[in-house]
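Below you'll find the structure, written out as structure tokens, and then a few comments.
In what follows, every chain begins at residue 1, and chains take the letters A, B, ... in the order their sequences are listed. What you are looking at is a predicted structure, and each value in this text was computed from that prediction instead of being measured.
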Amino acid sequence: MGKEITSRSEDYSQWYIDLVKKADLAENSDVRGCMVIKPYGYSIWEKMQQALDKMFKDTGHVNAYFPLFVPKSMFEAEEKNAEGFAKECAIVTHYRLKNDPNNKGKLMVDPAAKLEEELVVRPTSEAIIWSTYKKWIQSYRDLPLLINQWANVVRWEMRTRLFLRTAEFLWQEGHTAHATAYEAIKETEQMLDVYAEFAESFMAMPVIKGKKSEGERFPGAIDTYCIEGMMQDGKALQAGTSHFLGQNFAKAFNVQFTNKEGKMEMVWGTSWGVSTRLIGALIMAHSDDDGLVLPPKLAPIHVVIVPIFKNEAELLKITEQADILAKALRAQGYAVKFDNRETHKPGFKFAEWELKGVPVRIAIGPRDLESKTVEVARRDTKEKQIMKMEAVATEIPALLNSIQDNIYQKALKFRNEKTTQVNSYDEFKKVLDEKGGFVEAHWDGTIETEVAIKEETKATIRCIPLDAKKEVGVCIYSGKPSFRRVMFARAY
RNA sequence: CGGGGUGUAGCGUAGCCCGGUAUCGCGCUUGGUUUGGGACCAAGAGAUCGUCAGUUCGAAUCUGGCCACCCCGACCA
């Protein structure tokens, strides 16, 4: 029917691509590496934005907007940051086109319109923001500065995948400034907690909170904290990062303040972000061979009502009942879609809404009208039940809660099953190849070992878990002493 | 940037080796019958075969250049 998607067991990455396209989330654009986010996919992003934005506001942050362009001299001010992103920057060098005299109807870059200084299209906004903060901060009374922006950024990636890695993507980036290191570290940790809470409560995706090793750290940060999720193919996905920037950007942009004692000090900073990549995570964490499985808290449509009718008169009667049910559910804040299209058969609609991951489907036909019931199907388990119409308004909300919980529990069980402790390098390689998932192993803490393991196995240190227990052991690679295990995995 | 591959209707494709302007499925349009798990029948519309040049009476097909995209690798907060 042209709607089937490749099964996960056959080809996981093809399954992912098929799903994104068939569920109408996004498609490749005519621009290399850039995607078009379609209305249904964008509505999921909007749900994420709403939930996150509220969490940011609840923790005292406000939104602002900074420019897309960063002058090159400003961009290079923080050396490590600049160096880290240099290889993937898009650069604006001219500001005008003109008619090409040698090629009628075509345009050419006007060489006379060369910019004095090139503009970097932001791959991240620390530079432009800290150069602005310099003007805003004079006294400890101006601190803390707690700002977030919803924006697009561009990173010229060699290879892209819908949602997971695109040349342009949407994200939010928080940039805060503080009077003390302690306060900035608290902020970094707080925002990591916000991300973890969002991932687990809204996305129903369990995550491991941890710190990045030196090699995986954000360029320009003192410490990078992250949340790491587990996808159904056993690969890890970094779902959000929160950076303690120390005074690196303050020094680069000379952002100082006068403290209570009247002395000048450098400002302490943080930055943190999540992107449309989360949609990729959402898909790969829960969906199945029939399509998307959305956690109710992020579903643009919670309940779809499908009428089953033979003629106008029947549709009319069903519509009457459907309106009553929809009204009762909408009054409780649920998004209800009544799919009364006469151009498609019920079976088609069932398949389509399953593909799109709507958590609950209600079918109403002539038989239901007689017995005053409806057929209720849940997307996560595909179970169906007959429910009294009068019970719908109270039982559907409970069902949605239970779906949210079930999806999370299922993902948690999977994640736990895919987490293995190993004590030797042979065992490490065996688990990676045969089982995948997270591998907890001792590591000597050196970048050399990390790089060597990555080169030999393609596994990276996803994080040093924040809750890692002190445990004496030896590095699986070098045999040198280690005092806690770290999380390795092959990752997206 | 290295290695491999592909470009034919909105989508997926056959045809290419062995030159004669194009196959099938999905989708689309119209009419009818259908409607509790992706309907059926009938009639239609839709393609300068990626692009530029060459060979030829004649090119989707052969030759060369160019472009785009995909896959593997390198790279990837």
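Here the P atom of nucleotide B/rG37 and the CH2 atom of A/W353 are 19 Å apart, to the nearest Å. Between the P atom of B/rC28 and the NE2 atom of A/H344 lies a distance of 7 Å, rounded to the nearest Å. Going from atom CD1 of A/I5 over to atom C1' of B/rC11 covers 16 Å, rounded to whole Å. One interatomic measurement links the two molecules: CD of A/E375 to C1' of B/rG37, which rounds to 9 Å at whole-angstrom precision. When the P atom of B/rC75 is taken as reference, atom CD of A/E83 falls 16 Å away, rounded to whole Å. Residue A/F309 contributes atom CZ, which lies 12 Å from atom C1' of B/rU34 at whole-angstrom precision. Atom NZ in A/K382 sits roughly 9 Å away from atom C1' in B/rG37 (whole-Å rounding). For the pair A/K384 NZ and B/rG37 P, the computed distance is 7 Å after rounding to whole Å.
In this structure, the nucleotide among B/rG37, B/rU34, B/rC76 sitting nearest to the side chain of A/E88 is B/rC76. For A/K87, taking side-chain heavy atoms from C-beta onward, the closest of the listed nucleotides B/rU35, B/rG37, B/rC75 is B/rC75. Here the side chain of A/D368 is nearest to one of B/rG36, B/rG37, B/rU35, namely B/rG36. If you check B/rA39, B/rG73, B/rG37 against the side chain of A/K458, the one that comes closest is B/rG73. Of all nucleotides listed (B/rG36, B/rG38, B/rC76), B/rG38 comes nearest to the side chain of A/F348. When distances are taken from the side chain of A/R361 to each of B/rU35, B/rG37, B/rC76, the shortest belongs to B/rG37. Considering only side-chain atoms of A/K310, the nucleotide from B/rG36, B/rG37, B/rU35 that sits closest is B/rU35.
Residues A/H61 and A/E187 have side chains that bring a donor and an acceptor to within less than 3.5 angstrom of each other. Defined by atom type and a distance below 3.5 Å, a donor-acceptor pair is missing between the side-chain atoms of A/N152 and A/W171. Judged by distance alone, the side chains of A/T270 and A/T176 do bring a donor and an acceptor atom under 3.5 Å apart. Judged purely by distance below 3.5 Å, without hydrogens or angles, the side chains of A/T373 and A/D368 pair a donor atom with an acceptor atom. Side-chain contact annotation: A/E118 with A/T93, donor-acceptor N/O pair under 3.5 Å absent. Under 3.5 Å, the side chains of A/E456 and A/Y477 contain a donor-acceptor pair of N or O atoms. Side-chain N/O atoms of A/H175 and A/S271 include no donor and acceptor closer than 3.5 Å. A/E189 and A/Y225 form a side-chain donor-acceptor contact under 3.5 Å, judged by distance and modelled atom types alone.
If you check every strand for non-hydrogen atoms under 4.0 Å, A/R161 touches nothing.
Nucleotides B/rG19 and B/rG58 place their P atoms 15 Å apart, quoted to the nearest Å. Comparing the P positions of B/rA47 and B/rU51 gives a spacing of 14 Å, expressed to the nearest Å. Comparing B/rG46 with B/rA9, their C1' atoms sit 6 Å apart, to the nearest whole Å. B/rU21 and B/rA59: their C1' atoms are spaced 9 Å apart (whole Å). Distance check on atom C1': B/rA45 versus B/rG27 gives 13 Å, rounded to whole Å. With P as the reference atom, B/rG20 and B/rU61 are 10 Å apart, rounded to whole Å. Across B/rC40 and B/rC16, the matching P atoms stand 31 Å from one another, rounded to whole Å. The P atoms of B/rC71 and B/rG12 are separated by 14 Å, rounded to the nearest whole Å.
Under the 6.0 Å cut-off for aromatic ring centres, A/F428 and A/F488 qualify, their centroids lying closer than that. Taking the six-membered ring for Trp and the full ring otherwise, A/F66 and A/W130 have centroids separated by 6.0 Å or more.
A donor and an acceptor atom never sit less than 3.5 Å apart when one is taken from the side chain of A/K349 and the other from the base of B/rG36. If you check distances only, the side chain of A/E352 never reaches the base of B/rG38 with a donor-acceptor pair under 3.5 Å.
Listed by residue number, there are no residues of residues 124-132 of chain A with a heavy-atom contact under 4.0 Å to RNA chain B. Taken residue by residue, residues 232-239 of chain A places heavy atoms nearer than 4.0 Å to RNA chain B at A/Q238. Within residues 208-227 of chain A, the residues approaching RNA chain B are A/E216, A/R217, A/F218, A/P219, by heavy-atom distance under 4.0 Å.
For the pair A/K356 and A/Y40, the distance from NZ or CZ to the six-membered ring centre is under 6.0 Å and the angle to the ring normal is within 45 degrees.
For the pair A/G33 and A/H243, both in contact range of RNA chain B, the more 5′-proximal nearest nucleotide belongs to A/G33. With RNA chain B read from its 5' end, the first of the two nearest nucleotides for A/R165 and A/N311 is the one closest to A/N311.
Ion pairing of A/K212 with A/E228 is present here, as a side-chain N (NZ or NE/NH1/NH2) and a carboxylate O approach within less than 4.0 Å. With salt bridges taken as basic N to acidic carboxylate O contacts below 4.0 Å, none links A/D433 and A/K458.
Residue pairs meeting the salt bridge (charged side-chain N to carboxylate O under 4.0 Å, His left out) criterion with at least one partner in residues 311-322 of chain A, sequence neighbours excluded, are absent.
Contact record, A/P300 with A/I44: CG-CG1, 3.7 Å, taken as the closest heavy-atom pair.
Base-pairing analysis of RNA chain B finds the following stems of at least three consecutive Watson-Crick or G-U pairs, with both pairing distances under 3.5 Å: B:1-7 with B:67-73, B:10-12 with B:24-26, B:28-33 with B:39-44, B:50-54 with B:62-66.
Residues forming a side-chain hydrogen bond (donor to acceptor under 3.5 Å, both in side chains) with A/E216 (at least two apart in sequence, or on another chain): none.
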